Structures are given as structure tokens and as C-alpha cells.
Amino acid sequence: MTDAETTVGELSEGQILRGILDRLPPSSAPVGPGDDAAVLAVPDGRVVATTDTLVHGPDFRLAWSSPFDLGFKAAAVNLADVAAMGARPVALLVALAMPDATPVSFVRGFADGLAAACAELAPGCAVEGGDLTVSDTLTVAVTALGSLDGRDPVRRSGAREGDGVYVIGELGEAARGLEVLFGRFTDAAGAPIRLTAEARGALDASDARALSRQLTPRPPLAEALRAAASGATAMMDVSDGLVLDATRLADASDVTIAIDSATLGDDPARALGGGEDHGFLVTFPAAAAEPIGRRVGTVLARGTVAVTVDGRAWAGRGGWDPYRDWDAGRG
């Protein structure tokens, strides 16, 4: 029986786990996978920790995401949250809740995606443990851990009047990729149509790139760490849309963030309201010698609203809110 035919329901937890660990690089932690818990060496003595959960339906659809894509994205979105604090990612803990009918080949492809994301985005970071269980709905929960390496964390609450507002990475491409999926890969009833390699290969270069940014985001972690080292006063991952995330940063800092739409490219509305780019929103003091990223606005004293665009409150879509925008269709 081939891996594609074998399901996780036919194997023991140990066999499934071995199939994952065999795909991952060897652990460099003092104690890695295999014991009740991992032991990590964190020279700073302080650990930055974050958790993100991806649920089949609202967060991804197997009709569109390959196992590799899903593993890559699950790692990337968590690595971005660690880097947004100015911390170097050192470990991932990954929990998988899977239906019995999940093919073993899915688990191995997922592990390959995890390994590839760590190698490309955060060399030295590895999967050091996790959990496996059974669920009717495929769910991925990842905890990422990072070391501050002697620096103070860069928080959302540090922006001050007069700071410049910068974006590291792209805005709007992942949202455009989602538009490609919903516009070209759903049927008349709105159900997802499987995204085959042939269909993906038939996309023009622009659509293919946008789709890649949606399915396998590549947050610029190295630039975020450079920003932290260069004196960033506040920073956060842009995961839910520029306006929504800027509002969160402005509220945490008790300031108003004034955004200039002329800095946002050819499609400001998508840049302002799109989500899942996983770039970074950063503020730097006006006197900063080498701010990282491109400037998109200015921090003002707190006004009547948290964020303005071209001097006015933004009336368009501000970003993704799962409690407002959730779609239960799985596919």
C-alpha cells in the first residue's frame, strides 16, 4: 500500500510521528523531539512566545493549498510574529489535529513545508516538538519561540509623536492572490475547485506571484531584525490589513497614525485593506539615521481616530476580522 493510499487512521501515533521527524533536519537543541518536552538553549535568558492556529475552512482550503504550502505557511506566519518583537526565531512546536482519513503523504508533505520555511526564512530555527490528535476538522496549531539576543523587545506601544511610519515588505499581493482563488477557482455555488499544478502553471506571471504570496508567504524576517537593531520604536506583523493593524498599533501607543496613500502603489485600497502579507509595520524616530523599509506615513498626537488616510478617517475595508469575515466552506 502506498503512502497516498495509507491514512493516519491506519497507523499508530508513533508511526505518524516518525514519518514527520524523518522529514525534518536534526535538532540542535540540548533536548529535541522525543522526550515529554524539549529543552532549548536561549543565551538571552528571555523567550518570546507566540501561537497561531490554522483551521480548515476559514484559514485554508485543501482544494487550494498543497500539504507543502500549508506547512510553509503555518511556519511563516508564526516566525513573523516572533520577528515582529525583534526576536530571532529558535524553535517551533507544532500540533496537528487530523481526520482519520488524512493520507500519510499529507503529513510528510506538511513536514517538508515546515522544514523549508525554517531553512529559508529563519536558518537555525527548527521544529522541536508538538502533538498529534484526531479531529473531524483538520487544524494546525504552531507555537514559535524566539530569543531577544540581548535586545529589549520592540512592542506595539512604543510609537511617539513625530516618528515616521514605515512598511517592510509588500502590501496587497496576498489579498490579490485570494481574489485569484475566489475569482477563478470556485464553482457557481462558491465551492472551491481544486488548484492543480496545470491550472497554476497556466496563470500569468502576475497572478502566479500573487497566488504564491497568499499560499506561501515569505515575511522579510531579516529586515525586521535589522529594524529592531536600528532603533525601531514600535513594530508589528501586518497580517490582517494595514489599516486594521495600524489601528492596533496606534491604540497601543495612544497616538494617531497618518497614512499617505500615494506611498502605497497602484492599488492603495487593496494595500490598505488586504491581509496576510506578513510584512512589518514599523515606526522610527525622526532622527533615525537608517530607517528600514519605505515610509508610508507619520505618527501624530492622538486625535479623534486612530488612523487617517490622506488626512481623513478611512471608510473602506480595513482588513480581515475572522468574526466578521469567516466563511465555513472547506473545500
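Everything numeric here is computed off the predicted structure, so don't read it as measured data.
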Considering only heavy atoms from C-beta outward, does the side chain of [X] approach that of [Y] to under 4.5 Å?
X	Y	value
P67	L70	no
L96	V140	yes
V167	V238	no
H56	L62	yes
W64	T186	yes
L195	R61	no
T50	M85	no
R248	L281	no

I'd like a table of donor-acceptor pairs (distance under 3.5 Å, sequence neighbours excluded) in which one partner is a side-chain atom from residues 152-165, with atom names and distances.
| from | atom 1 | to | atom 2 | distance (Å) |
| --- | --- | --- | --- | --- |
| R160 | NH1 | S157 | O | 3.1 |
| D163 | OD2 | R160 | N | 3.0 |
| D163 | OD2 | T233 | OG1 | 2.8 |

Using salt bridge (charged side-chain N to carboxylate O under 4.0 Å, His left out) as the criterion, list what pairs up with [X], not counting sequence neighbours.
X	result
D149	R88
D112	R23
D44	R46
D267	R270

- request: Take L203 and R184 through the side-chain contact (heavy atoms from CB on, under 4.5 Å) test and state the conclusion after the steps.
  value: CA-CA 10 Å; L203 296 172; R184 300 180 59 173; 3.3 Å; yes

Same cluster or not: are [X] and [Y] linked, directly or through other Ile, Leu, Val, Met, Phe, Trp or Tyr residues, by side-chain heavy atoms under 4.5 angstrom apart?
X	Y	value
V255	M236	yes
V243	V299	yes
L121	L114	yes
V55	V142	no
V77	L181	no

Atom pair [atom1] ([X]) and [atom2] ([Y]), whose distance is rounded to the nearest 0.5 Å:
X	Y	atom1	atom2	result
D277	L242	CG	CG	9.5 Å
D240	D245	CG	CG	5.0 Å
E173	L211	CD	CG	11.0 Å
F106	L138	CZ	CG	4.5 Å
L148	L225	CG	CG	10.0 Å
T216	K73	OG1	NZ	9.0 Å

message: Among L92, V90, N78, which residue satisfies the side-chain contact (heavy atoms from CB on, under 4.5 Å) criterion with C125?
response: L92

For the student: nearest non-hydrogen atoms of [X] and [Y], plus distance:
X	Y	result
A174	E276	CB-O, 3.3 Å
L221	P89	CD1-CG, 4.4 Å
V94	F110	CG1-CE2, 3.9 Å
G146	A87	C-CB, 4.2 Å
S261	V309	CB-CG1, 4.0 Å
A246	I257	O-CD1, 3.6 Å

- prompt: Name the one of D251, T256, D254 that satisfies side-chain hydrogen bond (donor to acceptor under 3.5 Å, both in side chains) with R302?
  reply: D251

With sequence neighbours excluded, what pairs up with [X] under the side chain to side chain donor-acceptor pair (under 3.5 Å) test?
X	value
E170	R209, R213
D100	none
T298	R295

T139 side chain vs A97 backbone, donor-acceptor pair below 3.5 Å: no

- prompt: Checking R151 side chain against A228 main chain: does a donor-acceptor pair fall under 3.5 Å?
  reply: no

message: Taking R176 first and then E179, would you say they form a salt bridge - that is, a charged N and a carboxylate O separated by under 4.0 Å?
response: no

query: Got a sec: does the CG of D266 have more than 12 other heavy atoms crowding it under 6.0 Å?
result: no

Inter- and intrachain pairs under ring-ring contact (aromatic ring centres under 6.0 Å, His included), touching residues 125-164, at least two apart: none

- prompt: What pairs of residues pass the ring-ring contact (aromatic ring centres under 6.0 Å, His included) test when at least one of them lies in residues 256-306, not counting sequence neighbours?
  reply: Y166-F284

- prompt: Does the pair R312 and V305 meet the rule for a side-chain contact (heavy atoms from CB on, under 4.5 Å), with working shown?
  reply: CA-CA 9 Å; R312 297 180 298 276; V305 296; over 6 Å; no

message: Show every salt bridge (Lys or Arg N to Asp or Glu O under 4.0 Å) that has at least one partner inside residues 215-230, sequence neighbours left out.
response: E120-R218

field: Residues which pass side-chain contact (heavy atoms from CB on, under 4.5 Å) with A95, listed by chain and number, not counting sequence neighbours
entry: D131, A141

